[in-house]
Amino acid sequence: MKPFTMHAVLKYRRQLEDLAQQDLYHALELEAQLQKMLQQTEKELTDLYADLQRDWEEGTTVDRLRLFESRIDLVRRELESRRVKLMEQQDQVTKKRQLLVKRSKERKIIEKLQEQQNAAYARFLEKKELTMLDEVAVLAHERKQG
């Protein structure tokens, strides 16, 4: 008897693996965007400090210094917020990578099981064929003698 085909199960496992790959790809894209935004914010903060230093050296008004300080505080808070978001996204990437590895292993297990099942079925058919050939040989031998 033909064993249960694992084609549908294998197809489902491949779909799960593909979804995991897509999720990982999107998470990596988002991580790259967050990294780029963080670098831009760091550059903005560096530029603000350079401008503040230049204004200090050239002389400036108190109002302008207050504006610089408030802008620097705002950019610092934004920088910290982006660092936290990036760390959270890196955790998500790690989780999605682990899920992809898990899905890949599951698919490979099903493929190996399918191969073993096919090999066992092939052995079963070969054994059945040999039994039938033996039976035919016995019947032919009985006809010759009888």
Side-chain angles (χ1 to χ4, degrees), residues 1-57 64-146:
M1 118 179 174
K2 179 131 172 84
F4 171 74
T5 63
M6 302 192 104
H7 179 71
V9 176
L10 186 57
K11 182 179 176 183
Y12 176 69
R13 294 294 181 183
R14 284 184 179 140
Q15 288 173 345
L16 288 178
E17 185 180 8
D18 289 345
L19 286 174
Q21 280 179 334
Q22 290 173 2
D23 287 347
L24 176 60
Y25 175 75
H26 292 302
L28 287 170
E29 279 185 330
L30 184 56
E31 180 186 10
Q33 289 174 353
L34 290 172
Q35 184 70 36
K36 184 177 179 182
M37 290 168 56
L38 178 67
Q39 290 171 349
Q40 289 172 343
T41 305
E42 288 172 340
K43 183 180 180 327
E44 181 181 0
L45 186 61
T46 303
D47 292 345
L48 280 171
Y49 279 128
D51 290 345
L52 178 64
Q53 183 65 30
R54 189 185 66 239
D55 278 7
W56 266 102
E57 291 170 357
R64 184 155 169 84
L65 290 176
R66 284 185 187 162
L67 286 174
F68 265 113
E69 288 297 325
S70 64
R71 180 68 184 155
I72 287 172
D73 287 340
L74 177 70
V75 172
R76 279 186 192 159
R77 285 193 299 269
E78 185 178 341
L79 184 63
E80 187 57 34
S81 171
R82 289 188 175 174
R83 282 186 179 136
V84 169
K85 286 180 185 176
L86 180 61
M87 288 175 58
E88 290 171 354
Q89 186 60 31
Q90 288 171 338
D91 289 342
Q92 287 296 317
V93 166
T94 301
K95 288 177 185 176
K96 291 187 186 298
R97 190 170 276 130
Q98 289 170 348
L99 180 64
L100 177 59
V101 168
K102 178 184 173 189
R103 297 289 189 223
S104 179
K105 285 180 182 178
E106 289 172 350
R107 177 192 49 83
K108 288 177 183 177
I109 288 170
I110 296 297
E111 284 177 345
K112 187 174 274 187
L113 186 60
Q114 184 179 25
E115 288 172 8
Q116 291 172 354
Q117 189 181 43
N118 289 343
Y121 185 63
R123 286 190 303 271
F124 168 77
L125 288 178
E126 186 177 318
K127 187 176 180 181
K128 192 171 185 175
E129 183 181 349
L130 287 175
T131 304
M132 289 173 61
L133 289 174
D134 286 346
E135 190 175 319
V136 168
V138 167
L139 289 174
H141 182 67
E142 285 178 2
R143 251 197 250 149
K144 284 183 180 178
Q145 289 200 0

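Throughout, residue positions are numbered sequentially from 1 according to the sequence presented.
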Spacing of [atom1] belonging to [X] relative to [atom2] belonging to [Y], to within rounding of 0.5 Å:
{"X": "Gln89", "Y": "Leu30", "atom1": "CD", "atom2": "CG", "value": "4.0 Å"}
{"X": "Glu126", "Y": "Leu133", "atom1": "CD", "atom2": "CG", "value": "10.5 Å"}
{"X": "Leu28", "Y": "Gln35", "atom1": "CG", "atom2": "CD", "value": "12.5 Å"}
{"X": "Leu19", "Y": "Leu24", "atom1": "CG", "atom2": "CG", "value": "12.5 Å"}

- request: Could you pull out all residues at least two apart from Asp51 that satisfy salt bridge (Lys or Arg N to Asp or Glu O under 4.0 Å)?
  value: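 So Asp51 forms a salt bridge (Lys or Arg N to Asp or Glu O under 4.0 Å) with Arg54.
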- request: Considering non-hydrogen atoms only, spot the tightest contact between Glu31 and Leu86 and give its length.
  value: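 Result for this residue pair: O-CD1, 3.7 Å.
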message: Ignoring hydrogens, what is the shortest heavy-atom contact between Arg83 and Leu38? Give both atom names and the distance.
response: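 Residues Arg83 and Leu38, closest heavy atoms: CG-CD1, 3.6 Å.
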message: Once salt bridge (charged side-chain N to carboxylate O under 4.0 Å, His left out) is applied, what residue pairs with a partner in residues 87-104 remain, sequence neighbours excluded?
response: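 Every pair satisfying salt bridge (charged side-chain N to carboxylate O under 4.0 Å, His left out) with a residue in residues 87-104: Arg103-Glu106.
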query: Which residue pairs satisfy the salt bridge (charged side-chain N to carboxylate O under 4.0 Å, His left out) criterion with at least one member in residues 108-117, sequence neighbours excluded?
result: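 Every salt bridge (charged side-chain N to carboxylate O under 4.0 Å, His left out) pair that includes a residue of residues 108-117, provided the two are not neighbours, is Arg14-Glu111, Arg107-Glu111.
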Atom pairs and distances, side-chain donor-acceptor, residues 71-82, under 3.5 Å, sequence neighbours left out:
residue, atom, partner, partner atom, Å
Arg71, NE, Glu44, OE2, 3.4
Arg71, NH2, Glu44, OE2, 2.2
Arg76, NE, Tyr49, OH, 2.9
Arg76, NH2, Tyr49, OH, 2.3
Glu78, OE2, Arg82, NH1, 3.4
Glu78, OE2, Arg82, NH2, 2.9
Arg82, NH1, Met37, O, 3.1
Arg82, NH1, Thr41, OG1, 2.5

- prompt: When you look at His7 and Leu10, which way does the side-chain contact (heavy atoms from CB on, under 4.5 Å) test go after all the steps?
  reply: CA-CA 5 Å; His7 179 71; Leu10 186 57; 5.8 Å; no
Validation: residues 135-146 side-chain donor-acceptor distances under 3.5 Å, sequence neighbours left out:
residue, atom, partner, partner atom, Å
His141, NE2, Gln145, NE2, 2.9

field: Worked verdict on Gln53 versus Glu57 for side chain to side chain donor-acceptor pair (under 3.5 Å)
entry: CA-CA 6 Å; Gln53 183 65 30; Glu57 291 170 357; 3.2 Å; yes
field: Donor on one side chain, acceptor on other, Tyr25 and Glu29, under 3.5 Å
entry: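 Yes, Glu29 and Tyr25 have a side-chain donor paired with an acceptor closer than 3.5 Å.
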task: Name all residues meeting the side-chain contact (heavy atoms from CB on, under 4.5 Å) criterion together with Tyr12; count only those two or more places apart in sequence or in a different chain, and write none if there are none.
output: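 Result, side-chain contact (heavy atoms from CB on, under 4.5 Å) vs Tyr12: Gln15, Leu16.
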message: Could you tell me if the side chain of Glu69 sits less than 4.5 Å from the side chain of Leu52, heavy atoms only?
response: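 Of all side-chain heavy-atom pairs linking Glu69 with Leu52, at least one is under 4.5 Å.
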